[in-house]
Every structure is written in C-alpha cells, then in structure tokens.
Amino acid sequence: MGTPEFAVPALEALVAAGHDVAAVYTQPPRPANRGKQLTPSPVHRRAEALGIAVRTPVNFKADEDRADFAALGLDVAVVAAYGLILPQAILDSPARGCLNIHASLLPRWRGAAPIQRAILAGDGETGVTIMGMERGLDTGPMFLKRTTPVSGKSAGALTTELAWMGAELIVAALAHLPNLSPTPQPEDGVTYASKIDKAEAKLDFGADAEAVARAILAFDPAPGAYAELGELRLKLFDPEVVVASGAPGVTLDDRLTIGCGNGAVRPRTVQPAGKPRMAVADFLRGSPVAAGARLT
C-alpha cells in the first residue's frame with residue numbers, strides 16, 4: 001500500500017524477495033502535468049509492469065472495499081507513504097497486522113513530512129523505522145530502525161536513500177517477523193512533521209546562513225526554495241555557506257553570494273520562473289547580477 005516514488009523500491013524488494021504480493025493499493029489517478037490528464041501514481045505504474053493487481057479506492061468507507069481487502073486473506077500489509085488513513089477494520093484484517101515504512105527515527109517526526117522537517121531542524125541523523133500500525137498518527141510499536149547522516153543532503157537525495165533503506169529493512173523485518181519483539185515508542189522525544197506549506201518555501205535571508213541553506217535543501221526538489229529578484233522569481237538549489245557578511249538578502253559580489261542574518265549563502269544551481277534548472281554561471285551569463293542587488 002503506497003503511492004509516490006518513495007514506495008516503489010519497497011514493492012520491488014518484496015517481489016525480488018519472493019513474497020506473494022496479493023495486490024497493490026495506491027491513490028487513484030490524479031490530474032497532472034499541463035494537460036491535467038489523469039495520471040497513475042508511480043506505484044500504480046510499477047505494479048502494472050510487474051503484473052500485480054492494482055486497487056485504487058478513494059477511501060475505505062464503502063463496505064465493498066473493506067470486504068475486498070479482507071477477502072485477500074493477507075498475512076501482512078506493507079504500507080509506505082500510502083496517503084490514506086486506514087480504518088481499524090483494515091488494520092485488523094491481516095493476520096500479522098500492517099507494517100509501515102516510516103522515514104524518520106520515531107518517535108521523532110511523526111506525520112506527513114519527516115524528511116523535510118529533519119533537514120529544516122538541522123538534525124544530525126535520520127533514518128527509517130519499521131513500525132506496527134495502529135489508529136494513532138505513527139504511534140505504533142517499532143520493529144527495526146536504521147540511521148543515516150542528514151548533513152548536506154537535499155530532500156530529494158535523502159528521500160531516495162531512505163526509500164532504498166526502507167526496502168531493505170522491510171524485507172529483513174518480514175524475514176524475521178516471528179522472532180522480532182516490538183518496542184513501544186517512548187513518550188519523550190515526540191515531534192510532529194506537519195505537511196509542507198508552499199508559503200514556507202519563500203526564503204528568509206534574515207535567518208543565519210546555515211538555516212537558509214537547510215531551507216534550500218529541504219525544499220529541493222519541491223516546492224523549491226525561492227526569492228524575488230526584481231520581478232523575477234528565482235528558485236535556489238545546491239547551497240554553499242560562505243564566510244562573509246552583508247545586509248540580509250543583498251548580493252555581496254557578482255557570483256550571487258547573498259548576505260544572511262549571519263554569514264552568506266551562494267546557490268550553485270538556480271531555476272528562473274518558466275525555465276529549467278541551470279548552473280549559476282550559466283544564469284549569470286544571460287542575466288548578470290551585480291553586487292548590491294536585493295533578493296526578497
């Protein structure tokens with residue numbers, strides 16, 4: 001049960017490990033791209049390529065959808081970024097319950113955006129937790145954990161890394177499930193990773209350079225951290241923290257080094273509105289930015 005690209009490695013790993021995947025549940029096709037055509041999710045497309053039956057209920061309120069799920073006679077359901085709240089009847093249906101691949105070191109960063117929140121907070125490490133699902137928001141007991149450093153990684157890069165880590169970990173969890181002892185989550189250290197609001201992606205150069213750099217990394221690839229350069233909206237990527245001082249939001253040189261509340265930051269890659277990403281040097285060749293320009 002999963003929807004975005006994050007969940008695809010887990011599906012592939014389960015199939016490669018020889019598990020009998022009875023069905024794949026994923027979000028229904030949504031309008032996407034400029035044509036707004038209904039587009040299946042990444043998990044949907046991969047499941048069809050693997051020849052696995054795909055089901056796309058809007059929710060599980062209909063008795064028929066619940067009955068169809070129960071009729072599968074599952075040993076376990078594996079859930080990874082599915083995007084639906086599972087009712088108790090679904091959680092109770094598999095013989096060994098539902099296992100969730102959660103992209104944080106629980107109980108830190110329960111909720112919708114654990115990867116971005118870990119980067120924004122400056123966490124030294126994050127990882128994956130395999131947890132048993134219950135009605136609470138990511139409150140279930142933990143079976144396995146694995147960690148990785150956060151520093152310098154974009155949300156996109158970290159998502160890919162954790163997706164493959166989660167795929168390996170769920171296969172290990174299923175292989176040893178009868179012998180694994182679930183550990184209740186401690187009450188200390190609980191934090192919540194609220195959904196990312198697009199308004200958060202507007203950069204605040206009054207913050208220190210490390211915080212600005214973390215915001216650029218956290219919103220890469222989406223929604224993209226941005227600032228206004230005159231009338232141009234410019235997304236910034238691949239930040240370098242620079243030891244320099246200047247007015248917040250004001251360029252310190254002709255290389256797009258931008259002053260912050262403390263220190264400065266220099267993006268290596270940018271994306272002008274309506275154009276693809278490009279190296280800063282390529283952008284500046286076509287649109288020079290002199291020292292003293294202001295980004296807001």
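Quantities reported herein were computed from a predicted structural model and do not represent experimental measurements.
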Is the shortest side-chain heavy-atom distance between [X] and [Y] below 4.5 Å?
{"X": "Leu84", "Y": "Tyr25", "result": "no"}
{"X": "Leu236", "Y": "Leu203", "result": "yes"}
{"X": "Val270", "Y": "Asp238", "result": "no"}
{"X": "Thr148", "Y": "Glu125", "result": "no"}
{"X": "Thr139", "Y": "Glu134", "result": "yes"}
{"X": "Arg110", "Y": "Val190", "result": "yes"}
{"X": "Leu284", "Y": "Val289", "result": "yes"}
{"X": "Leu99", "Y": "Met131", "result": "no"}

Side chain to side chain contact (heavy atoms under 4.5 Å, CB included) evaluation trace for Glu161 with Leu158 = CA-CA 5 Å; Glu161 180 182 355; Leu158 195 51; 3.8 Å; yes
Does the [X] side chain pair with the main chain of [Y], one donor and one acceptor, at a distance under 3.5 Å?
{"X": "Lys145", "Y": "Leu106", "answer": "yes"}
{"X": "His102", "Y": "Ala80", "answer": "no"}
{"X": "Asp253", "Y": "Ala291", "answer": "no"}
{"X": "Gln185", "Y": "Gly140", "answer": "yes"}
{"X": "Thr3", "Y": "Tyr82", "answer": "yes"}
{"X": "Thr129", "Y": "Ser104", "answer": "yes"}
{"X": "Thr159", "Y": "Ala155", "answer": "yes"}
{"X": "Thr251", "Y": "Gly292", "answer": "yes"}
{"X": "Lys153", "Y": "Ala218", "answer": "no"}
{"X": "Lys275", "Y": "Gln271", "answer": "no"}

Do the numbers put Arg268 on top of the ring of Phe237, so that NZ or CZ is under 6.0 Å from the six-membered ring centre and no more than 45° off the axis?
-> no
Is the NZ or CZ atom of Arg233 both under 6.0 Å from the centre of the six-membered ring of Tyr226 and within 45° of that ring's axis?
-> yes
Report the C-alpha distance between Asp138 and Trp109 in whole Å, list the side-chain angles of each, state the deciding distance to 0.1 Å, and finish with yes or no for side chain to side chain contact (heavy atoms under 4.5 Å, CB included).
-> CA-CA 9 Å; Asp138 299 327; Trp109 302 129; over 6 Å; no
Which residue pairs pass the salt bridge (Lys or Arg N to Asp or Glu O under 4.0 Å) test with at least one member in [range], sequence neighbours excluded?
{"range": "residues 194-216", "value": "Arg117-Glu200"}
{"range": "residues 85-108", "value": "Arg108-Asp123"}
{"range": "residues 167-193", "value": "Arg146-Glu168"}

Output the distance between atom [atom1] ([X]) and atom [atom2] ([Y]), rounded to the nearest 0.5 Å.
{"X": "Leu137", "Y": "Ile85", "atom1": "CG", "atom2": "CD1", "result": "8.0 Å"}
{"X": "Ile90", "Y": "Met133", "atom1": "CD1", "atom2": "CE", "result": "11.0 Å"}
{"X": "Thr126", "Y": "Met165", "atom1": "OG1", "atom2": "CE", "result": "8.5 Å"}
{"X": "Ser93", "Y": "Arg66", "atom1": "OG", "atom2": "CZ", "result": "11.0 Å"}
{"X": "Ser194", "Y": "Gln116", "atom1": "OG", "atom2": "CD", "result": "10.0 Å"}

Could you walk me through whether Val78 and Met1 pass the side chain to side chain contact (heavy atoms under 4.5 Å, CB included) test, one step at a time?
-> CA-CA 6 Å; Val78 172; Met1 308 179 84; over 6 Å; no
Whether Phe69 and Phe60 hold their rings parallel, tilted or perpendicular, with breakpoints at 30° and 60° = perpendicular
Could you walk me through whether Ile101 and Leu169 pass the side chain to side chain contact (heavy atoms under 4.5 Å, CB included) test, one step at a time?
-> CA-CA 8 Å; Ile101 304 170; Leu169 215 55; over 6 Å; no
Got a sec: does the CG of Asn59 have more than 12 other heavy atoms crowding it under 6.0 Å?
-> yes
